[in-house]
*Asks:* 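Below is the structure I would like to discuss, written out as structure tokens.
Small disclaimer: the values here were computed from a predicted structure and weren't measured. This chain uses plain numbering: 1 for the first residue, then up along the sequence.
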Amino acid sequence: MSDVPISLNPSGPPETVLDPEPTEARALLAQALDGPAAERRDRISEVVARWPQFLEGWARLGDAARDTVEAYACFRVGYHRGLDRLRQSGWRGSGYVRWDHPDNRGFLLALAGLARTAAALGEQEEAHRCRQFLGQLDPNWPPEGFDS
């Protein structure tokens, strides 16, 4: 169980904050993202292979994918691993998972990527469900400056 339980707010649904990602994984992902574009996908893949629970790693791997199908698969893995992590953090299927908390961003990025690639593949119902879920998790979605 997480050291950061859900917060029960009398004015609204509970809010869940995921545990921080490993510092080394975040540092290596930042290096991979700053590296040469030709090497980016492979370097991100190495990070994800080492830390398969690293949600932002899956989301960034989806962004760097060779095609839409590969991107969809990466975003879907990040989304499902994120649901597992949310449940481990006390989330019970409802309540906020807000962008304002940096530790939640990997999951939200994976879900947003899944919505985007589902739409690109013609899976409009799934894309709609993902967009709706994003709005339920964070009523302020998309965050200012977010480029989907």
Side-chain angles (χ1 to χ4, degrees), residues 1-34 40-41 43-65 68-148:
M1 197 54 95
S2 169
D3 290 338
V4 183
I6 60 171
S7 63
L8 299 176
N9 183 341
S11 65
E15 185 166 350
T16 304
V17 179
L18 291 168
D19 291 333
E21 301 285 7
T23 302
E24 186 179 1
R26 290 189 343 229
L28 289 173
L29 178 62
Q31 288 176 7
L33 293 171
D34 288 340
R40 192 167 296 142
R41 184 194 163 281
R43 292 184 68 197
I44 296 169
S45 182
E46 290 170 6
V47 174
V48 170
R50 192 165 165 199
W51 290 279
Q53 299 294 322
F54 184 15
L55 303 179
E56 186 176 352
W58 283 107
R60 300 300 181 181
L61 188 56
D63 289 337
T68 305
V69 171
E70 181 179 66
Y72 177 86
C74 293
F75 291 130
R76 181 161 283 291
V77 170
Y79 165 70
H80 281 286
R81 290 197 178 249
L83 288 176
D84 292 342
R85 296 242 334 258
L86 281 169
R87 290 181 190 108
Q88 292 167 358
S89 296
W91 186 75
R92 297 292 174 250
S94 65
Y96 297 128
V97 180
R98 295 181 191 266
W99 178 265
D100 291 343
H101 301 289
D103 296 321
N104 290 344
R105 292 180 181 176
F107 173 72
L108 296 170
L109 288 170
L111 180 54
L114 183 58
R116 189 172 59 250
T117 54
L121 292 171
E123 293 284 340
Q124 298 308 321
E125 288 181 25
E126 181 176 23
H128 174 74
R129 282 191 306 270
C130 291
R131 288 190 298 268
Q132 185 176 29
F133 192 26
L134 281 164
Q136 292 167 346
L137 294 171
D138 189 339
N140 296 319
W141 187 266
E144 189 173 324
F146 182 79
D147 181 27
S148 61

*Asks:* Can you give me the closest heavy-atom contact between Ala71 and Thr117, atom names plus distance?
*Replies:* CB-CG2, 3.8 Å
*Asks:* Drop me the distance from Tyr72's OH to Glu123's CD, to the nearest 0.5 angstrom.
*Replies:* 6.0 Å
*Asks:* Would you compute the distance between atom CZ of Phe133 and atom CG of Leu83 and round it to the nearest 0.5 angstrom?
*Replies:* 5.5 Å
*Asks:* Heavy atoms only: give me the nearest Arg131-Ala119 pair and the separation to one decimal.
*Replies:* NH1-CB, 4.4 Å
*Asks:* I would like to know whether Arg116 and Asp63 meet side-chain contact (heavy atoms from CB on, under 4.5 Å); could you show each step before the answer?
*Replies:* CA-CA 11 Å; Arg116 189 172 59 250; Asp63 289 337; 3.2 Å; yes
*Asks:* List in chain and number order the residues that pass side-chain hydrogen bond (donor to acceptor under 3.5 Å, both in side chains) with Arg85, two or more places apart in sequence or in another chain; answer none if no residue qualifies.
*Replies:* Glu21
*Asks:* Measuring from Asn140:CG to Leu134:CG, what's the distance to the nearest 0.5 Å?
*Replies:* 12.5 Å
*Asks:* Under 3.5 Å, side-chain donor or acceptor atoms of residues 102-112 against the rest of the protein: list the pairs with distances, not counting sequence neighbours.
*Replies:*
residue: Asn104; atom: OD1; partner: Leu18; partner atom: N; Å: 2.9
residue: Asn104; atom: ND2; partner: Thr16; partner atom: O; Å: 3.2
residue: Asn104; atom: ND2; partner: Arg98; partner atom: O; Å: 3.1
residue: Arg105; atom: NE; partner: Trp99; partner atom: O; Å: 2.8
residue: Arg105; atom: NH2; partner: Trp99; partner atom: O; Å: 3.3

*Asks:* With a 3.5 Å cut-off and sequence neighbours excluded, list the donor-acceptor pairs that the side chains of residues 43-56 form with protein atoms.
*Replies:*
residue: Arg50; atom: NH1; partner: Glu24; partner atom: OE2; Å: 3.3
residue: Arg50; atom: NH2; partner: Glu24; partner atom: OE1; Å: 3.4
residue: Arg50; atom: NH2; partner: Glu24; partner atom: OE2; Å: 3.0
residue: Glu56; atom: OE2; partner: Arg60; partner atom: NE; Å: 3.1
residue: Glu56; atom: OE2; partner: Arg60; partner atom: NH2; Å: 3.2

*Asks:* Ignoring hydrogens and geometry, is there a side-chain-to-backbone donor-acceptor pair from Arg40 to Leu33 under 3.5 Å?
*Replies:* yes
*Asks:* Verify side-chain contact (heavy atoms from CB on, under 4.5 Å) between Glu15 and Val97, making sure each step is shown before the conclusion.
*Replies:* CA-CA 6 Å; Glu15 185 166 350; Val97 180; over 6 Å; no
*Asks:* Test side-chain contact (heavy atoms from CB on, under 4.5 Å) on Tyr96 and Leu137 and set out the steps.
*Replies:* CA-CA 4 Å; Tyr96 297 128; Leu137 294 171; over 6 Å; no
*Asks:* How close do Pro20 and Arg26 get, counting heavy atoms only, and between which atoms?
*Replies:* CB-NH1, 4.4 Å
*Asks:* So for atom CD, which belongs to Gln124, do other residues, nucleotides or ligands contribute more than 12 heavy atoms lying within a distance under 6.0 Å?
*Replies:* yes
